[in-house]
Amino acid sequence: MMKNAYKTLIFENSPSIIETYSIVGKKEGEGSLGKYFNLVLSDDRFGETTYEKAECKMLSTAVKRVINSANLKETDVDLFVAGDLLNQIISASFTARDFEIPYLGLYNACATIVESIIVSSMAISGKFISNAVVGAVSHFSTAERQYRYPLELGSVRPPQAQWTVTGAGAYVLSEKIEGFPSITSATVGKVVDFGVTDVNNMGAAMAPSCASTLVRHLKGTNTFPDEYDVILTGDLGLLGSKIFRKLCRDEGFEVELYHVDAGSIIYDSDGTQDQGGSGAGCGTVTFASYLYPLLRQKKIKKALFLATGALLSTISSGQGESIPGITHCICVENL
Amino acid sequence: MTGKNAENTNKNYLDYVSEISPKTNELKTLLHAFWVGGFICFIGQAVRFLFIYVFGLYGDVLAGATSMVMIFLGSFLTGLGVYDKIGKYAGGGSIVPITGFANSVVSPAMEFKSEGYIYGLASKMFVIAGPIIVFGVIGSVCVGLIYYVKGLFI
């Protein structure tokens, strides 16, 4: 592992992503990525009595199935790293209750998935462990209730708002195996806050951190945007993407041709989701079902995955605090 | 970045964000609110006429009975999962009438039932309607005081 001025991590023993699994809700299944997901639920409650239990079951199911389809046993997995959006990350922790796997629970809002990947990659690259499972989940109905209003309340969403994705994803990371996409470098984000206070405008709150991390990663690895087939961001939404591209341009990097935002493409633009999707599950399922298969089938060679998170709580926004953003970045490539 | 420099950057950024953020189409939302809100009041008036001409009610009993029917309708449509759809279209048009008040009480009651009847449903029932009640009561006390003082002199 190399250290440089931009604090980018270069993995010498780059871990491979050997399997992914994604579960989404009905609305996501009807979106433009619908056919790529491993499992589309017809019932957002997933047969449970509450949405919180459903969210937990989604992650738990994803973890179980990803371990199976990677042809591993539970005992082969040395570490489970996951997080979600609910208070005290109950979905991830209650999922861990179902498994006999050492567990690290993380919270970086919607950037949790890449945070989990980075932590696991460091452990694998440092030869502390061989296999890790990472995961993240979000559910529209639980997030609405925690951050906004009851589902049945007749309130209006402002046009800059995004829609929380109901989705869970889990990936298996292993010591380098030939033929599988590898995580070669990563940049841990700094918290960036440009003073946005509008809780409905997450895209604007997160875009500066996303641009900051991307620029650091490019400089830290001495690369340019055109060396990547895809630069995937988590959930900037349409507005946030526009701001992100402008901020990158200001820094001298033109990303327009390579940038894809998961939030902007996960739903069809039928106007009801305004700026697109958001949530911890948004980037997680998009990477799992859309970008990863492209890498696996060698249709693309090198991609960046930047997961963007807004680190607010209902208390901080109630007290008038602005919204800090965080973005973590990994580079996944076929070596 | 510290101090003034950071403040300037932030201000430039926030100006830029508000410049490119999509704006609410006020003419459209006002029109929606106006006709739906008006239609809800039209239904209320129809109920009122029904009570006057069919049941012969008047005065306080009439006002109470009409309100009860409208509150029932608001709650019922909330329970059926229809009122939030009306709200998405009409905005203030369906929030302001008494049916909107019913919606703001019933929707959290439904949502928090999963945490039990006492600590969930009952305690969270007024999460949204609470402020309306508090400021409604304070407002009515103020108006009452004004009338009282006015009565002393005139």
Side-chain angles (χ1 to χ4, degrees), chain A residues 45 48-54 141-142 144-146 148-163 190 192-198 200-209 211-212 237-247 250 271-275 314 322-323 325, chain B residues 1 6-7 9-25 29 32-33 36 74-75 77-97 99-115 120 124-125 127-129:
Chain A
R45 274 218 174 91
E48 294 289 331
T49 49
T50 70
Y51 289 118
E52 284 76 11
K53 284 183 181 155
S141 301
T142 60
E144 277 297 290
R145 143 142 111 153
Q146 182 174 301
R148 298 185 75 247
Y149 297 113
L151 292 176
E152 297 300 334
L153 184 74
S155 58
V156 183
R157 309 175 77 84
Q160 70 273 27
Q162 290 170 259
W163 186 277
K190 297 176 185 172
V192 178
D193 189 342
F194 273 20
V196 174
T197 49
D198 180 3
N200 285 307
N201 203 344
M202 296 293 186
M206 299 187 297
S209 82
S212 144
L238 297 170
L239 177 64
S241 296
K242 205 168 149 189
I243 300 172
F244 164 67
R245 289 169 190 178
K246 190 228 170 223
L247 292 172
D250 291 349
T272 51
Q273 291 80 43
D274 298 307
Q275 301 302 325
T314 49
S322 53
I323 305 167
Chain B
M1 278 191 301
E7 255 167 51
T9 315
N10 284 359
K11 201 184 165 302
N12 290 343
Y13 180 70
L14 294 176
D15 288 345
Y16 165 71
V17 167
S18 68
E19 187 190 307
I20 68 159
S21 292
K23 308 282 179 294
T24 303
N25 183 344
T29 51
H32 287 180
V36 177
S75 310
L77 290 176
T78 304
L80 292 181
V82 175
Y83 205 87
D84 64 313
K85 293 189 177 68
I86 301 174
K88 279 191 182 87
Y89 173 81
S94 59
I95 293 172
V96 175
T99 47
F101 188 76
N103 171 250
S104 74
V105 175
V106 175
S107 58
M110 287 166 65
E111 185 110 356
F112 289 95
K113 189 169 149 264
S114 54
E115 279 82 56
K124 294 287 168 61
M125 201 172 203
V127 159
I128 296 156

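Being a predicted model, the structure only gives us computed values, none of them experimental. First the proteins, then the strands, lettered A, B, ... as listed; each starts at 1.
Interface residue A:P159: backbone and side-chain heavy atoms are both found under 4.5 Å from chain B. Residue A:N201 touches chain B through its side chain alone, counting heavy-atom pairs closer than 4.5 Å. Of the two parts of A:T50, only the side chain, counted from C-beta on, holds a non-hydrogen atom closer than 4.5 Å to a non-hydrogen atom of chain B. Interface remark: A:S141 contributes backbone atoms only to the contact with chain B (heavy atom separation under 4.5 Å). Only the backbone of B:K23 comes within contact range of chain A, with at least one heavy atom under 4.5 Å from a heavy atom of that chain.
With chain B as the partner, the residue from A:P158, A:P208, A:S322 showing the most heavy-atom pairs under 4.5 Å is A:P208. Your options are A:L151, A:V156, A:L247, A:D198, and the one with the most heavy-atom pairs under 4.5 Å with chain B is A:L151.
At a threshold of 4.5 Å between non-hydrogen side-chain atoms, the residues B:V127 and A:Y149 do not count as touching. At a threshold of 4.5 Å between non-hydrogen side-chain atoms, the residues B:S114 and A:K53 do not count as touching.
Considering all non-hydrogen atoms of both residues, B:Y13 and A:A204 come closest at OH-O, 2.5 Å. The shortest heavy-atom contact between A:K242 and B:Y16 is O-OH, 4.2 Å. Pairing each heavy atom of A:P150 with each of B:I128, the nearest pair is CD-CD1, 3.5 Å.
We find the CD-CD distance between B:E111 and A:E152 to be 8.0 Å, quoted to the nearest 0.5 Å.
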Notebook entry, point to check: side chain to side chain contact (heavy atoms under 4.5 Å, CB included) between B:S21 and A:L239: does it pass, once the steps are laid out?
Noted result: CA-CA 7 Å; B:S21 292; A:L239 177 64; 3.5 Å; yes
